[in-house]
Amino acid sequence: MSAPRSFAWQGQDAQGRPRQGRLKAPSAGLARAQLRRQGLRALRLQRLWWDRMPRVRPQDLALMTRQLAALLRAGVPLLQSLDMLSRSLPSLALSEVMAQVHNDVASGMALHDALALHPEPFSGLYISMVHAGESAGILDTMMERLALTLEKNEALRSRVRSALMYPTAVLGVAIAVLVLILVWVVPVFEDVFKSFGAELPWPTQMVVALSGGVSATGPWVLVLVLLGLMGWGSAQAQTKASASPVRLWRDRWLLKLPVIGRLLETAVVARWAQTLSALLAAGVPLAEALGPVAQACDQAIYERLTWQLQRQVTQGSRLSEGMAQSGRFSSMVVQLCATGEETGAMDPLLARAGALMETELDDRVHGLSSLLEPLIIVVLGGLIGGILVAMYLPIFRLGQVF
């Protein structure tokens, strides 16, 4: 049997409504037969030679989850809710995934099993909470709680991105301006200085030498930067952090940065506590909950640490003891976890710890923004001003001679 091929199709359902999507089949004939079995009539079928599904954005997934929770809360049956979502979602990638989930559920598959067939948009956290909701018969409540958890996690990521975006953009523009000055402006002054026939001051000699070095090695540096960015993106795209030494090294290096490292660590611990709290509140046992928490960390060091904590808890150790031994959690979080273990109220105390870490993250973001703005102005002003002074220093000395 030939390998499955990807096809994009457009057609109509049994009610004559327009539908579209993608599917995999060994041939075009089998693809049309597969659509007919689903009650769809293909009007246009096209072979895709390069099939790369668009990435599902976290905010689109959170919006879909909240819409599904609202439909279930209103009493709409699950199959009808999935069908409505697959036809109304603005994200084409997520719409196609939900159409496939609808078909799988219609064929008798449980919702969490159908979602597990699409690990790219649906994480272990998502599948675990849906499974808990189906088992307890409270899928609508669980979907609302899941939507809230996804929105909180995305809000934490947005805060960190917004805190780092301004200084990154300013530094990028500043570096570009400095390179332009060194590559195009300084050589013009150098030609003028050669006509003087006198020895240049040492600051001017340093700037001229720096200009020559940048002009000579600039293309190679640009190639290395592009390769580094490609490696960074490749590490970011890998979902198994434990199998990626590059990502482990990168995330460990990020956590060691003077100011940004503490900011990232606070965001990761807040997301870790909120995710574990949501799973425990859903009725998932602690040892099982730590697996989805590791996947939701989005940080290689904490992901590997959470898998270690899961093994320790499975062997009978207390979670708070492993957290304290790791040195990656603040004493406040460890203490709240230990209190939760003693009182049997770990989920509300972890939620409280996550809220406190969010407040700390907001304070750090505001402090970082207040600190970086004047610091960047002073540093850039000093660099550009120093280059200009070094360039005009020979002219000033020439004026004193005459």
Side-chain angles (χ1 to χ4, degrees), residues 124-125 149 152-153 156-157 159-160 163-164 232 235-236 238-280 285-343 345-365 367-368 371:
L125 164 68
T149 302
K152 284 185 177 181
N153 290 346
L156 288 172
R157 294 188 184 96
R159 291 174 190 172
V160 177
L164 301 180
W232 184 284
Q236 184 68 24
Q238 294 185 21
T239 57
K240 296 290 185 181
S242 57
S244 172
V246 175
R247 190 177 178 188
L248 280 171
W249 173 85
R250 183 203 64 182
D251 288 352
R252 184 180 292 109
W253 175 76
L254 286 174
L255 291 177
K256 291 181 180 180
L257 293 178
V259 179
I260 298 175
R262 184 58 180 166
L263 183 72
L264 295 175
E265 186 178 48
T266 303
V268 171
V269 173
R271 186 164 61 247
W272 188 94
Q274 290 175 349
T275 304
L276 183 57
S277 172
L279 286 168
L280 294 177
L286 176 60
E288 297 180 11
L290 288 173
V293 170
Q295 299 177 21
C297 281
D298 197 22
Q299 216 283 342
I301 302 301
Y302 278 88
E303 183 174 347
R304 187 173 66 170
L305 172 60
T306 306
W307 289 117
Q308 294 174 357
L309 292 175
Q310 185 186 42
R311 289 194 294 268
Q312 295 174 7
V313 170
T314 304
Q315 295 169 1
S317 301
R318 297 181 60 180
L319 176 62
S320 58
E321 294 177 355
M323 294 169 61
Q325 293 173 0
S326 68
R328 292 288 183 180
F329 298 91
S330 64
S331 57
M332 181 269 296
V333 177
V334 174
Q335 185 60 44
L336 286 175
C337 182
T339 305
E341 288 176 320
E342 295 173 358
T343 61
M346 186 180 294
D347 53 315
L349 289 177
L350 283 174
R352 178 61 178 167
L356 292 175
M357 297 300 287
E358 279 190 49
T359 303
E360 181 182 350
L361 178 64
D362 289 335
D363 294 339
R364 290 185 179 277
V365 167
L368 181 64
L371 173 66

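- Annotation: side chain of L254 is in contact with side chain of L257 (closest heavy-atom distance under 4.5 Å).
- With values rounded to the nearest 0.5 angstrom, L264 atom CG is found 12.0 Å from L156 atom CG.
- Distance check, rounded to the nearest 0.5 Å: OG of S330 to CE of M323 gives 8.0 Å.
- A side-chain hydrogen bond (donor to acceptor under 3.5 Å, both in side chains) with Y302 is found for one member of R271, E265, R328 and no other, namely E265.
- One finds a salt bridge joining E360 and R262 here, because a Lys/Arg side-chain nitrogen approaches an Asp/Glu carboxylate oxygen to under 4.0 Å.
- F329 is listed as a side-chain neighbour of L305, based on a closest heavy-atom distance under 4.5 Å.
- Within the 3.5 Å criterion, the main-chain N or O of L319 finds a donor-acceptor partner in the side chain of E341.
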For this session: Might you work through the side-chain contact (heavy atoms from CB on, under 4.5 Å) test for D362 and R159, ending with a clear yes or no?
Result: CA-CA 8 Å; D362 289 335; R159 291 174 190 172; 3.4 Å; yes
For this session: Might you work through the side-chain contact (heavy atoms from CB on, under 4.5 Å) test for L356 and V333, ending with a clear yes or no?
Result: CA-CA 9 Å; L356 292 175; V333 177; over 6 Å; no
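- Rounded to the nearest 0.5 angstrom, L349 CG and M346 CE are separated by 8.5 Å.
- Taking all atoms of both residues into account, the shortest heavy-atom contact from T314 to A287 is OG1-CB, 4.0 Å.
- The CG atom of L290 lies 8.0 Å from the CG atom of L280; values are rounded to the nearest 0.5 Å.
- Remark: I301 CD1 to T306 OG1 distance equals 11.0 Å, nearest 0.5 Å.
- The structure places CZ of R318 at 8.5 Å from SG of C337, a figure rounded to the nearest 0.5 Å.
- The main-chain N or O of V268 is never found under 3.5 Å from a side-chain atom of Q299 such that the two would form a donor-acceptor pair.
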Exercise. Between V293 and L125, does a side-chain contact (heavy atoms from CB on, under 4.5 Å) hold up when you go through it step by step?
Worked result: CA-CA 7 Å; V293 170; L125 164 68; over 6 Å; no
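- Between L309 and Q312 there is a side-chain heavy-atom pair separated by less than 4.5 Å.
- Across all their heavy atoms, S320 and V334 have their closest contact at O-CG1, 3.7 Å.
- Looking at heavy atoms from C-beta onward, L350 lies out of side-chain contact with L336 at the 4.5 angstrom threshold.
- Residues M357 and Q274 fail the side-chain proximity criterion, which asks for heavy atoms closer than 4.5 Å.
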